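Since we're looking at a predicted model, the values are computed, not measured. These values consider heavy atoms only, across backbone and side chains, with no hydrogens, waters or symmetry-generated copies.
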Amino acid sequence: MCAGSGIFITMREVKVKGVSSLCTLDSNGESHILQSELASDSQRNSSLNVQFTPEIEKKYVHHVYDAIAPHFSSTRFAKWPKVANFLSSLPSESLVLDAGCGNGKYLGFNPDCFYIGCDTSAPLIKICADRGHEVLVADAVDLPYRTSFGDAAISIAVLHHLSTEGRRKKAIEELIRVVKKGGLVLITVWAVEQEDKSLLARWTPLTQKYGEEWIGPGSPRVRSPSSCTLESIPETEENGFGERKKDSGQSSMQSLQEITSQIESYSGASTDVKNANNQQEYFIPWHLPYHRAEVSGASACALANGLAKKDDKKGAVVYNRYYHVFSEGELERLVAGIDNAVIVDRFFDKSNWCIVLEKKTMKSQTTEPCGAWKNLM
């Protein structure tokens, strides 16, 4: 999911509890968030290594979701019951911020609430805008809202695409920052403890840990900028693919041996990635059917630059997506260092680890579910 394709969506005027005109589009087509909706510099300040998007995310998250956006969107329509319950529990007229909204399937779910969605994928944001949603292109680690702007926030299947612990923690801090005191935040991530164990055999494991030299700005060997930008592939038809369709087939877009040698060169890694214990870093394939791909367009560019491969047997262009799958307790450990939030619920659902946070109004450290959300559990 990428903001680099140059597509920016104009948000129509939003009037929610006295807030209006979140985003405007100038004559040059550049998006500007009004200063009144931005957090102060001191509140938004963070280190460069957290704000900088690592190459692995640019290549294997941003570029991929831009290229597969219409096909991905056509498979994302079913609502998870736990997410639906959370949204339904919110008070009427709540402003809900969906960070990493994808195709916007949760925007507008509870008609009594207001919604604003953001995502780093401009093609996915365009799909949302075409459906009439209030959306903008933005990064999960740098949300373009002032502090205490929303009543609640959700981050559904987003954090596992961030490749460093610092960036994952920063994304959680941003979700807490942008909600009011007492506001709730729901976060879900893919779990390493998959209910369908056969899926793990279809994923390509990477090294157990990444060295900052490999994923940071100074990693020339893994940086091969393409002169051809991946663009969204036009959607021509809908299909009936179910939610979270299982992918199969070979998953590596560039050889695992090549990636491993690059990592070892820069971080001193010597682990056998296929036999590493506690493996959490994977490439997970997305099969884009040939009839969805423009052979002379985005897919050809991706194939030429090693960001995708052809699978003639399955009739698909195969893209790999980077995932850091979470282990039990990992989300809680990230939150433990955030002193203005408490965990009010945690659960495992559909091979996802999930937590509900509340922005603190006092020093209490209770972890018991509270209010309307507790009544739904």
Side-chain angles (χ1 to χ4, degrees), residues 1 9 11-12 14 16 22 61 65 68-140 143-145 149-162 171-172 174-176 178-180 183-190 238 241-245 331 344-345 347-358 372-373 376-377:
M1 298 179 284
I9 307 304
M11 292 183 63
R12 296 180 300 283
V14 182
V16 180
L22 271 176
V61 181
Y65 279 98
I68 69 173
H71 183 231
F72 176 83
S73 177
S74 70
T75 70
R76 265 48 186 174
F77 49 84
K79 315 299 191 294
W80 290 2
K82 291 286 189 179
V83 179
N85 287 346
F86 176 84
L87 294 173
S88 296
S89 74
L90 298 174
S92 178
E93 297 188 355
S94 291
L95 173 58
V96 183
L97 306 176
D98 187 345
C101 62
N103 70 343
K105 73 176 185 177
Y106 290 112
L107 299 177
F109 175 80
N110 179 349
D112 294 327
C113 295
F114 301 96
Y115 298 81
I116 301 174
C118 68
D119 200 284
T120 52
S121 173
L124 285 173
I125 285 298
K126 184 177 187 307
I127 290 172
C128 294
D130 289 345
R131 294 174 176 176
H133 298 305
E134 303 293 345
V135 291
L136 69 159
V137 174
D139 195 322
L143 295 176
Y145 312 118
F149 178 53
D151 298 292
I154 60 175
S155 172
I156 310 303
V158 175
L159 266 62
H160 51 231
H161 287 308
L162 302 180
I172 296 175
E174 280 291 274
L175 290 165
I176 294 297
V178 299
V179 299
K180 300 172 182 176
L184 298 177
V185 174
L186 170 63
I187 301 171
T188 77
V189 293
W190 280 26
E238 292 293 318
F241 288 156
E243 181 73 359
R244 290 191 65 180
K245 177 184 174 186
L331 271 177
V344 296
D345 195 20
F347 51 93
F348 183 81
D349 184 50
K350 298 182 182 297
S351 295
N352 282 250
W353 290 113
C354 314
I355 58 172
V356 178
L357 307 176
E358 181 180 355
W373 175 247
L376 286 171
M377 301 308 295

Please give me the minimum heavy-atom distance between Leu136 and Pro144, naming the atom from each residue.
CD1-CG, 3.6 Å
Side chains of Phe72 and Ser121 in contact at under 4.5 Å (non-hydrogen atoms)
no
If we ignore angles and hydrogens, is there a donor and acceptor under 3.5 Å between the side chains of Asn103 and Ser73?
yes
Show your working on side-chain contact (heavy atoms from CB on, under 4.5 Å) between Tyr115 and Cys101 and close with a plain yes or no.
CA-CA 10 Å; Tyr115 298 81; Cys101 62; over 6 Å; no
I need the minimum non-hydrogen distance between Leu143 and Ala99, along with the two atoms involved.
CD2-CB, 4.1 Å
His161 side chain to Val61 backbone, donor-acceptor under 3.5 Å
no
Mind checking the NE2-OG1 spacing from His160 to Thr188? Nearest 0.5 Å is all I need.
7.5 Å
Going by the rule side-chain contact (heavy atoms from CB on, under 4.5 Å), which residues pair with Val83 if we only count those two or more places apart in sequence or in a different chain?
Trp80, Leu87, Tyr106, Ile156, Leu186
Are any side-chain N or O atoms of Asp119 and backbone N or O atoms of Ile125, one a donor and one an acceptor, separated by less than 3.5 Å?
no
Go through the structure and list residues passing side-chain hydrogen bond (donor to acceptor under 3.5 Å, both in side chains) with Asp98, not counting sequence neighbours.
none
Donor-acceptor pair, Lys105 side chain versus Ala78 backbone, under 3.5 Å?
yes
Taking the side chain as every heavy atom from C-beta outward, state whether Phe109 and Ser88 have any atom pair closer than 4.5 Å.
yes
Using only atom types and a distance under 3.5 Å, with no angle test, would you say the side chain of Asn352 pairs donor to acceptor with the backbone of Cys354?
no
First locate atom CG of Leu124, then atom CD1 of Ile68, and finally report the distance between them rounded to the nearest 0.5 Å.
8.0 Å
First locate atom SG of Cys113, then atom CG of Asp151, and finally report the distance between them rounded to the nearest 0.5 Å.
8.0 Å
Residue set satisfying side-chain contact (heavy atoms from CB on, under 4.5 Å) with Ala153, at least two apart, ordered chain then number -> Leu97, Leu175, Val179, Val185
Nearest 0.5 Å, what's the CG-CH2 distance between Leu159 and Trp190?
14.5 Å
Trace of the side-chain contact (heavy atoms from CB on, under 4.5 Å) decision for Phe86 with Val96
CA-CA 11 Å; Phe86 176 84; Val96 183; 5.8 Å; no
Rounded to the nearest 0.5 Å, how far apart are CZ of Arg131 and CG of Leu107?
9.5 Å
About how many Å separate CD1 of Ile187 and CD1 of Ile154, when rounded to the nearest 0.5 Å?
11.0 Å
